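Here the structure is laid out as structure tokens; the discussion comes afterwards.
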Amino acid sequence: MMRRITTLALSGAIAATTGCVNVTAPDKPIVINLNINVTQEVVYRLDSEAKSLIQQNPGIF
């Protein structure tokens, strides 16, 4: 009997201390902006020996 009363008291205390969580949808739609600008610049430099080798052997590549 005492155990039953204790269990009921603990259950009531736990129920009284739990919070309430409300989840509602926003009024406006969610907007995700994916405007991404990717700029790539490729720069290459040849030293004088490589440049002369390519000019002497145009079919190398």
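Here the structure is a predicted model, which means the values were calculated and not measured.
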Cluster companions of L53 among Ile, Leu, Val, Met, Phe, Trp, Tyr (side-chain spacing under 4.5 Å): none
Show every donor-acceptor pair shorter than 3.5 Å between a side-chain atom in residues 20-28 and any protein atom, with sequence neighbours excluded, or say none if there are none.
none

Kindly indicate whether the side chain of N37, heavy atoms from C-beta on, has any atom under 4.5 Å from the side chain of T39. yes
N33: side chain to side chain donor-acceptor pair (under 3.5 Å) partners, not counting sequence neighbours: N35
